[in-house]
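Notes follow once the structure below has been shown.
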Amino acid sequence: MAGAETVCNEFCGPLVGGLLVAAGASVALGATGVAYVTGMMVLLLLTGRFAPHAAGDRPTGSVNQRIAEGLRLLWHQRLLRTMALALTVLCACWGAWLALMPLVATGLMGLSAQQYGMLLSALGAGGLVGALTVGPLNRLLGRRRVMFADLLGTAAMMAAPVFTTGLWPVAASAFAGGMGGVLWTVNSRTIGQRMVKTELMGRYNAAARLFSWGAMPLGAGLVGVLAQWFGPRAAFAVAALLVAVPFLRTVTPRALEEATARRRGPDARPVSGRPRGRRAGGAGRRARSRR
């Protein structure tokens, strides 16, 4: 799913959009309208019952109550909370990069329209590689190191325009950022599915995306102000400061091991089938006491 989203949003979308703009502004706008109408028609093909189901006799409550429940769930789980806060900073950096890069590409870097298209395509290419390699990388390096690679990739993506105006170094950093973004997305979704009960997944996802998607316009606005006052390179330098220390302190190997071994139900069992020994039980009790 992450690979399909990346290919469509970051690779095929900009490529087809550039071709349509080259054909004419009216063609591009008309094709966008046709795409939206097609999407609405496809929704009519969805069949089934999509009403939420409560567990047992527990009432579902109002919409506002369910939103508050999702936010409480996210905030009371230290691992999920830290990932959401880290993702907030990462998405703010992405919003800043997407907002400022057109100005930097056409001004400081002097790129043509074709070269700018190549630069954007590097994001999608990196995301596609990340989707194809996330499984082997998790087995080789461990989930924690793979997720930390997104912090490094985003930092490289933000820092490259500070030090160089060359197309290939900046495109390489965009490739690293796109790859790291998918590595983070796949692993964070997997962790959430392990830690959150099935009936609460919708509320948890909504709360988590409130942080991530909500940070993108904030990052774009902030970097615009910084670029206006101090210049584009200074704005990129500020955005390159990430939350590496809180990530390393909270997303520990033990926390990830507990998340991986947890099922969604209240009677959690290790997925490996290993007997629940004294050490595992003690770790679980300590984790619950910390939460």
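Small disclaimer: the values here were computed from a predicted structure and weren't measured. Numbering starts at 1 and runs along the sequence shown.
- Looking only at side-chain heavy atoms (C-beta outward), Val186 and Val134 come within less than 4.5 Å of each other.
- Residues Met195 and Leu79 are in side-chain contact: their nearest non-hydrogen atoms beyond the backbone lie under 4.5 Å apart.
- The cluster map of Ile, Leu, Val, Met, Phe, Trp and Tyr, joined by side-chain heavy atoms under 4.5 Å apart, puts Val225 and Phe230 in the same cluster.
- Rounded to the nearest 0.5 angstrom, Gln115 CD and Trp168 CH2 are separated by 8.5 Å.
- Remark: Phe175 CZ to Leu123 CG distance equals 10.5 Å, nearest 0.5 Å.
- Ala96 approaches Met158 most closely through the heavy-atom pair CB-CE, 4.2 Å.
- Between the OH atom of Tyr204 and the CD atom of Glu199 there is a distance of 15.5 Å, given to the nearest 0.5 Å.
- Taking the side-chain hydrogen bond (donor to acceptor under 3.5 Å, both in side chains) definition, one finds that Asn187 meets it with Asn138, Arg143, sequence neighbours left out.
- In this structure, Gly178 and Trp94 approach most closely via the heavy-atom pair CA-CH2, 3.8 Å.
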- Can you list the steps and then say if Met179 with Leu132 is a side chain to side chain contact (heavy atoms under 4.5 Å, CB included)? CA-CA 10 Å; Met179 181 177 178; Leu132 296 175; over 6 Å; no
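- By the criterion of side-chain heavy atoms lying less than 4.5 angstrom apart, applied directly or through intervening Ile, Leu, Val, Met, Phe, Trp or Tyr residues, Leu111 is grouped together with Leu103 in one hydrophobic cluster.
- When all heavy atoms of Val182 and Ala131 are compared, the pair lying nearest together is CG1-N, 3.5 Å.
- Here the closest heavy-atom approach between residue Pro161 and residue Met101 is recorded as CG-CE, 3.8 Å.
- Going from atom OG1 of Thr88 over to atom CE of Met83 covers 12.0 Å, rounded to the nearest 0.5 Å.
- The same ILVMFWY cluster, assembled from side-chain heavy atoms under 4.5 Å apart, contains both Met40 and Leu44.
- Residues meeting the side-chain contact (heavy atoms from CB on, under 4.5 Å) test with Trp75, sequence neighbours left out: Arg81, Leu85.
- Cluster partners of Val27, by chain and number: Val16, Leu20. The rule joins Ile, Leu, Val, Met, Phe, Trp and Tyr whenever side-chain heavy atoms lie under 4.5 Å apart.
- Put simply, Leu218 and Leu90 are part of two different groups of oily side chains (I, L, V, M, F, W, Y) that touch within less than 4.5 Å, one to the next.
- When all heavy atoms are compared, the tightest approach of Ala215 to Cys91 is CB-CB, 4.3 Å.
- Tyr36 and Met41 sit in two unconnected hydrophobic clusters of ILVMFWY residues. Membership requires side-chain heavy atoms under 4.5 Å apart, directly or through other members.
- Shown here for Leu80 and Leu74, the closest heavy-atom pair between the two residues is O-CD1, 3.6 Å.
- The shortest side-chain heavy-atom distance between Leu87 and Trp184 falls under the 4.5 Å cut-off.
- Taking CG of Leu108 as the reference point, atom OG1 of Thr164 lies at 11.0 Å (rounded to 0.5 Å).
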